[in-house]
Amino acid sequence: MINFIICEDEPELLKEYKYQIDKFMMKYDIDYKTHMFTSYDSKWEKSVRKIKGFKVYLLDIKTANGSGINAARQIREEYDDWVSMIIMISGYAEYKYEALGKRLMLVDFINKLDCSEQKLQDALLICLKHYDNKYKCLRYTYKNIAYNVEFRSIIKIEKEMDSKRCIIHAEEGDYPIKGTLNEVLQKLDKRFFKCNRSIAINVEQVQYYNLGKNVAVLKNGEEFKDVSRNKKKEMFNHVRGVG
């Protein structure tokens, strides 16, 4: 789920940004929701704190009640949110360098008067790439049950003995999936490392890996000792981020 959070005090532009988001998202099979505000008031603050998941902000830099720059600073510093995407939109080009100079990790600063439609579409594409990297989902059907499992929540995938299926071990529980381990891995990405014939692990779930003892300690506290001897160095490099 992607949450698009727009704050714009001009009603027509607010509708236009929502239209542009809908137009962009029509090309992708991803659930999303748009939240619209006209000022940076208490309702805005309460909602921003409450909304969960991946967030993309479109912030008007100047409204009758508050500044987009201050709102972005609040998101980053007060809420300690350095993951969400922030796009700053303004008709005041002179604020561009001030906004970029605040080190708020903005995706872009878009001038409303300067071909903003195409620039917004380009900025949304950047946001989507970040979403794909962080929030990809494994969608599949098994025995008439539809599953939707986030990659990042998967701890490991294990081939079930004497069976034609695997078991996905995730943070929220275990899920069966049809196919061999290699077939399942083809549906995933490079964060999943096949450490022996029957188990693949999500290296992002590894807190640290002791090469000498061949023990990985996972973020949930579990000790993982199933790395094949000929895969140890490769596992070490994957955890280091150079695999």
Side-chain angles (χ1 to χ4, degrees), residues 1-5 25 28-33 35 47-56 79-85 127-210 213-228 231-232 234-236 238-241 243:
M1 167 72 79
I2 301 179
N3 290 285
F4 292 96
I5 304 171
M25 293 303 295
Y28 304 97
D29 183 24
I30 299 173
D31 294 331
Y32 73 97
K33 186 174 182 180
H35 311 263
S47 298
V48 167
R49 288 179 179 272
K50 186 177 179 180
I51 296 168
K52 302 298 181 184
F54 188 79
K55 290 179 266 191
V56 177
Y79 305 157
D80 196 26
D81 179 358
W82 297 89
V83 176
S84 296
M85 305 281 100
C127 296
L128 188 66
K129 288 179 179 178
H130 281 268
Y131 174 82
D132 279 343
N133 289 335
K134 294 283 185 181
Y135 291 83
K136 283 183 180 178
C137 287
L138 176 61
R139 301 172 187 260
Y140 67 96
T141 302
Y142 182 74
K143 291 189 175 180
N144 296 319
I145 299 176
Y147 293 91
N148 187 8
V149 186
E150 285 191 353
F151 284 18
R152 62 181 184 148
S153 76
I154 298 173
I155 299 168
K156 60 185 178 182
I157 305 106
E158 187 171 7
K159 178 69 176 70
E160 200 170 54
M161 292 291 291
D162 302 319
S163 172
K164 295 182 179 180
R165 71 177 193 175
C166 293
I167 302 297
I168 296 172
H169 300 281
E171 293 174 349
E172 63 274 15
D174 296 341
Y175 308 100
I177 182 170
K178 184 179 179 180
T180 65
L181 183 58
N182 285 338
E183 288 170 343
V184 174
L185 287 174
Q186 288 176 5
K187 305 175 189 292
L188 302 171
D189 60 21
K190 63 182 181 180
R191 79 190 83 179
F192 294 91
F193 174 66
K194 187 178 180 182
C195 46
N196 63 42
R197 289 183 179 181
S198 60
I199 299 177
I201 193 167
N202 181 353
V203 294
E204 290 187 353
Q205 289 279 354
V206 177
Q207 190 72 44
Y208 65 87
Y209 175 62
N210 188 316
K213 295 182 178 180
N214 193 19
V215 175
V217 175
L218 308 183
K219 291 180 179 179
N220 63 4
E222 176 188 346
E223 286 193 352
F224 184 80
K225 303 177 181 180
D226 296 314
V227 182
S228 297
K231 293 271 192 173
K232 289 168 56 179
E234 195 174 351
M235 172 72 171
F236 183 70
H238 271 273
V239 175
R240 289 174 60 214

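Positions are given from 1, in the same order as the sequence printed here.
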Trainee: Identify the heavy atoms of G179 and C166 that sit nearest to each other, and give their distance.
Mentor: O-SG, 3.4 Å
Trainee: I need the E234 CD to C195 SG distance, nearest 0.5 Å.
Mentor: 10.0 Å
Trainee: Roughly how far, to the nearest 0.5 Å, is CD1 of I2 from SG of C127?
Mentor: 8.5 Å
Trainee: So if I apply the side-chain hydrogen bond (donor to acceptor under 3.5 Å, both in side chains) rule between N3 and each of K33, K55, H35, which one comes out positive?
Mentor: H35
Trainee: Could you give the distance from CD (E223) to CG (D226), rounded to the nearest 0.5 Å?
Mentor: 11.5 Å
Trainee: If you look at every heavy atom in S198 and L181, which pair is closest and at what distance?
Mentor: C-CD2, 3.5 Å
Trainee: Closer than 3.5 angstrom, by distance alone: can the side chain of S228 be matched with the main-chain N or O of K231 as a donor-acceptor pair?
Mentor: no
Trainee: Can you find a pair of side-chain heavy atoms, one from N182 and one from K194, that are under 4.5 Å apart?
Mentor: yes
Trainee: Quick check: closest heavy atoms across D174 and A170, and the distance to 0.1 Å?
Mentor: OD1-N, 4.2 Å
Trainee: Can any side-chain N or O of N220 pair as donor or acceptor with the backbone N or O of E171 at less than 3.5 Å?
Mentor: no
Trainee: Show me the side-chain donor-acceptor pairs of residues 137-150 shorter than 3.5 Å, one per line, residues at least two apart or across chains.
Mentor:
residue	atom	partner	partner atom	Å
Y140	OH	P176	O	2.8
E150	OE1	R152	NE	2.7
E150	OE1	R152	NH2	3.4

Trainee: Exactly one of K219, H238, M235 should register a side chain to side chain contact (heavy atoms under 4.5 Å, CB included) with V206. Which one does?
Mentor: M235
Trainee: Going by heavy atoms in the side chains, are Y209 and N214 under 4.5 Å from each other?
Mentor: yes
Trainee: For E222, is there an ion pair with K156 - N to carboxylate O distance below 4.0 angstrom?
Mentor: yes
Trainee: What residues, two or more places apart in sequence or in another chain, satisfy salt bridge (charged side-chain N to carboxylate O under 4.0 Å, His left out) together with K50?
Mentor: none
Trainee: If we only count heavy atoms from C-beta on, is the I201 to V227 side-chain gap below 4.5 Å?
Mentor: no
Trainee: Got a donor-acceptor contact below 3.5 angstrom from the Y131 side chain to the M1 backbone?
Mentor: yes
Trainee: Quick one: are M85 and F54 in side-chain contact, heavy atoms under 4.5 Å?
Mentor: yes
Trainee: Distance from K159 atom NZ to T180 atom OG1, nearest 0.5 Å?
Mentor: 7.5 Å
Trainee: Could you check if a side-chain atom of F151 sits within less than 4.5 angstrom of a side-chain atom of N202, using non-hydrogen atoms only?
Mentor: no
Trainee: Could you check if a side-chain atom of F192 sits within less than 4.5 angstrom of a side-chain atom of I154, using non-hydrogen atoms only?
Mentor: yes
Trainee: Could you check if a side-chain atom of I199 sits within less than 4.5 angstrom of a side-chain atom of F224, using non-hydrogen atoms only?
Mentor: yes
Trainee: Any chance you could measure I155, atom CD1, to I168, atom CD1, to the nearest 0.5 Å?
Mentor: 12.0 Å
